[in-house]
Asks: 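Encoded as structure tokens, here's the structure I'll be asking about.
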There are 2 protein chains.
Amino acid sequence: MLRDVSDAAGGSALSSGPVGDTVEDAQLASSLRIAVMRLARRLRAERSDGTLGLSQLSALSTLERHGPLSPTALAELERIQPPSMTRVIAALEERRLVGREPHPSDRRQAVIAISDAGRQIVLEDRRRRQAWLARSLDDLAADERALLEAALPVLERLSEV
Amino acid sequence: MLRDVSDAAGGSALSSGPVGDTVEDAQLASSLRIAVMRLARRLRAERSDGTLGLSQLSALSTLERHGPLSPTALAELERIQPPSMTRVIAALEERRLVGREPHPSDRRQAVIAISDAGRQIVLEDRRRRQAWLARSLDDLAADERALLEAALPVLERLSEV
DNA sequence: TATTGTTATACTCTATAACTATA
DNA sequence: TATAGTTATAGAGTATAACAATA
């Protein structure tokens, strides 16, 4: 399994110019795309209690980390379009997991903030919600987990471009 | 950035028992889940020409790699339920990208095979379809690409559990 | 005019339940 | 009875276009 790794790393090291990488990048991109989509599919299926959708929980979690945000700002952080965020917020509002207040100076804007009930769900979820993936990670060898952990920041940067 | 890596690897090596890893696994699982879902969302938005859905292309690609398969077998490989695969195959059949033949001995089964047109699309797509991700990968340093490439097999194994 | 947010509408992907045909 | 596949139906998630309110 690790043969591919060293081959690839060696290849990159030998031809690190922007042109030489193109073909290898395309292959890495293809494999990464398929792996990420499949894993996302699995993760979507393994949602914990099911009462809260993944995008709702993700938005709620972002609100918990960043503090109050406008719908547009939250949409940008979540990398979805404003109309999609409208629906996510509506679902959270209906369950009283977030509150809405008018912006102090700009009456066009709204300020969405997580509620105590919402915060409780986020914290509870961070503890309980990782069942399947954590179980899967448990089956990995220590060096495989380390590989994932090492690649994680890169994976995160990819979504931020 | 690589500090986290060695820290994590060291931590795992020191406490490789199932109990000691639980907390670290949960954190890794949480971060990985969010990163994977966001990246999947980006990838979904960046689909190339748009005429073919991601799940259709993924199934087509699997047919190209594995050869002719029954709908149920293909569904299992793609990790979706048979009714979902029925719709994917129907879409591919309508575009003549796959063909359907009766199973030689079991008349309940069908055999789905990629067509020449389908194969052309898969090959063309492997070359052209990775625009955004390949571009993003281009912006990474060589050692970051190597990290991704190293973690890729682990990522793939996670979906296979 | 530009920006913020919403509504209306539609598409993709997936699931479960119930059905048909064959084994 | 059991298996392969389909149909019917539903739901989550997202997008674009058009609109209203405010700046």
Side-chain angles (χ1 to χ4, degrees), chain A residues 33-34 36-60 68-95 98 100-112 159, chain B residues 34 36-60 62 68-95 98 100-112 159:
Chain A
R33 178 177 62 80
I34 290 174
V36 165
M37 295 306 292
R38 287 226 171 116
L39 192 49
R41 190 182 291 159
R42 277 302 290 263
L43 284 167
R44 202 177 298 121
E46 295 286 340
R47 63 171 165 281
S48 57
D49 56 352
T51 68
L52 217 53
L54 282 171
S55 55
Q56 291 159 35
L57 190 67
S58 181
L60 199 59
L69 287 163
S70 77
T72 297
L74 187 52
E76 277 168 9
L77 282 173
E78 290 292 303
R79 309 244 166 213
I80 62 179
Q81 294 303 306
S84 304
M85 185 49 75
T86 293
R87 296 189 60 177
V88 170
I89 292 174
L92 294 174
E93 236 176 332
E94 201 178 334
R95 294 160 184 265
V98 301
R100 172 189 302 257
E101 289 197 359
H103 189 281
S105 61
D106 185 343
R107 278 187 298 170
R108 291 173 306 180
Q109 291 188 46
V111 177
I112 312 296
S159 315
Chain B
I34 291 174
V36 165
M37 293 306 292
R38 289 231 169 113
L39 192 49
R41 193 182 288 157
R42 276 303 290 260
L43 284 167
R44 201 178 300 120
E46 294 288 338
R47 64 172 168 279
S48 55
D49 55 352
T51 68
L52 218 53
L54 282 170
S55 55
Q56 292 160 33
L57 189 67
S58 181
L60 199 60
T62 295
L69 288 163
S70 77
T72 296
L74 187 52
E76 277 167 9
L77 283 173
E78 290 291 303
R79 309 246 167 214
I80 62 178
Q81 294 303 308
S84 305
M85 185 50 75
T86 293
R87 297 192 59 179
V88 170
I89 291 173
L92 293 174
E93 236 176 332
E94 200 179 332
R95 294 161 185 265
V98 302
R100 172 190 302 258
E101 290 199 358
H103 190 281
S105 60
D106 186 343
R107 276 187 298 167
R108 291 174 306 178
Q109 291 188 45
V111 177
I112 311 296
S159 315

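Note on naming: letters A, B, ... go to the chains in the order of the sequence lines (proteins, then strands), and numbering restarts at 1 for each one.
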Asks: Any idea which heavy atoms bring A:E78 and A:A59 closest together, and the distance?
Replies: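 In terms of heavy atoms, the two residues are closest at OE1-N, 3.7 Å.
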
Asks: Could you check whether the side chain of A:R87 and the base of D:dT14 have a donor-acceptor pair of N or O atoms closer than 3.5 Å, going by distance alone?
Replies: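 Yes.
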
Asks: What is the distance from CG of B:L92 to P of D:dT6, rounded to the nearest Å?
Replies: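 Value for this atom pair: 13 Å.
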
Asks: Rounded to whole angstroms, how far apart are CZ on B:R79 and P on C:dA15?
Replies: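 Whole-Å distance recorded here is 12 Å.
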
Asks: Take atom CD of B:Q81 and atom P of D:dG11, then tell me their distance rounded to the nearest Å.
Replies: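 It is 18 Å, rounded to the nearest whole Å.
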
Asks: Below the 4.0 Å mark, does D:dG13 have OP1 or OP2 next to a side-chain nitrogen or oxygen of B:R41?
Replies: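 It does not, given that no N or O in the side chain of B:R41 lies less than 4.0 Å from OP1 or OP2 of D:dG13.
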
Asks: Regarding B:T86, tell me which of base, sugar-phosphate or nothing describes its non-hydrogen contacts under 4.0 Å with the strands shown.
Replies: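 Base contact.
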
Asks: Do A:L60 and A:L52 make a side-chain contact, defined as non-hydrogen atoms from C-beta onward lying under 4.5 Å apart?
Replies: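 A:L60 vs A:L52: side chains touch.
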
Asks: What contact category does B:S55 fall into here, base, sugar-phosphate, or nothing, at under 4.0 angstrom with non-hydrogen atoms?
Replies: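 Sugar-phosphate, backbone atoms only, no base.
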
Asks: Please list, pair by pair, any protein nitrogen or oxygen found under 3.5 Å from a nitrogen or oxygen in nucleotides 20-23 of chain D.
Replies:
unit_1: D:dA23; atom_1: OP1; unit_2: A:R107; atom_2: N; d: 2.7
unit_1: D:dA23; atom_1: OP2; unit_2: A:R107; atom_2: NH2; d: 3.3

Asks: On a heavy-atom basis, which atom in A:A40 and which in B:A40 lie closest, and how many Å separate them?
Replies: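 Looks like CB-CB, 3.5 Å.
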
Asks: For B:T72, answer base if it contacts any base atom (sugar-phosphate contacts may also be present), sugar-phosphate if it contacts only those atoms, and nothing otherwise; contact means non-hydrogen atoms under 4.0 Å.
Replies: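 Sugar-phosphate only.
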
Asks: Can you see if the side chain of B:R38 gets near the phosphate of D:dT14 - specifically, an N or O under 4.0 Å from OP1 or OP2?
Replies: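 It does not, given that no N or O in the side chain of B:R38 lies less than 4.0 Å from OP1 or OP2 of D:dT14.
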
Asks: Measure from CD on A:E76 to C1' on D:dT14 and round the result to the nearest Å.
Replies: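 Roughly 17 Å, once rounded to whole Å.
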
Asks: Less than 4.0 angstrom between a side-chain N/O of B:S84 and OP1 or OP2 of C:dA15, yes or no?
Replies: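 For C:dA15, OP1/OP2 do have a side-chain N/O of B:S84 under 4.0 Å.
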
Asks: Over how many whole Å does the gap from B:L54 atom CG to D:dT14 atom C1' extend?
Replies: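 The distance from CG of B:L54 to C1' of D:dT14 comes to 13 Å, rounded to the nearest Å.
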
Asks: Which part of the nucleic acid does B:Q56 contact within heavy-atom distance under 4.0 Å: base, sugar-phosphate only, or nothing?
Replies: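 If one applies the 4.0 Å heavy-atom cut-off, B:Q56 turns out to touch the sugar-phosphate alone, with no base involved.
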
Asks: Show the nearest heavy-atom pair for residues B:A110 and B:P71, with the distance to one decimal.
Replies: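 Taking B:A110 first and B:P71 second, the nearest heavy atoms are O-CD, 3.4 Å.
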
Asks: Is A:P83 touching bases, backbone alone, or none of the nucleic acid, heavy atoms closer than 4.0 Å?
Replies: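 Result for A:P83 = base.
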
Asks: Grab the CD-P distance between B:E78 and C:dT14 for me, whole Å please.
Replies: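 In whole Å, C:dT14 P and B:E78 CD are 8 Å from each other.
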
Asks: Identify the two heavy atoms, one from B:V98 and one from B:E93, that lie closest to each other, and give their separation to 0.1 Å.
Replies: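 In terms of heavy atoms, the two residues are closest at CG2-N, 3.8 Å.
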
Asks: Are the side chain of A:S58 and the backbone of A:L54 linked by a donor-acceptor contact shorter than 3.5 Å?
Replies: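 No; zero donor-acceptor contacts below 3.5 Å.
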
Asks: In whole angstrom, give the distance that lies between atom CG of B:L43 and atom C1' of D:dG13.
Replies: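 Going from B:L43 (CG) to D:dG13 (C1'), I get 16 Å.
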
Asks: Measure across A:P68 and A:V111 and return the closest heavy-atom pair with its distance rounded to 0.1 Å.
Replies: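 It is CB-CG1, 3.6 Å.
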
Asks: Between atom CD in B:E101 and atom P in D:dA4, what is the gap in whole Å?
Replies: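 In whole Å, D:dA4 P lies 20 Å from B:E101 CD.
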
Asks: Using a cut-off of 4.0 Å on non-hydrogen atoms, how would the nucleic acid contact of B:A110 be classed: base, sugar-phosphate, or nothing?
Replies: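 Counting heavy atoms under 4.0 Å across all strands, the contact made by B:A110 is with sugar-phosphate only.
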
Asks: Output yes when a side-chain donor or acceptor of A:R42 lies under 3.5 Å from a complementary backbone atom of B:R79, and no otherwise.
Replies: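 It does not hold such a pair.
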
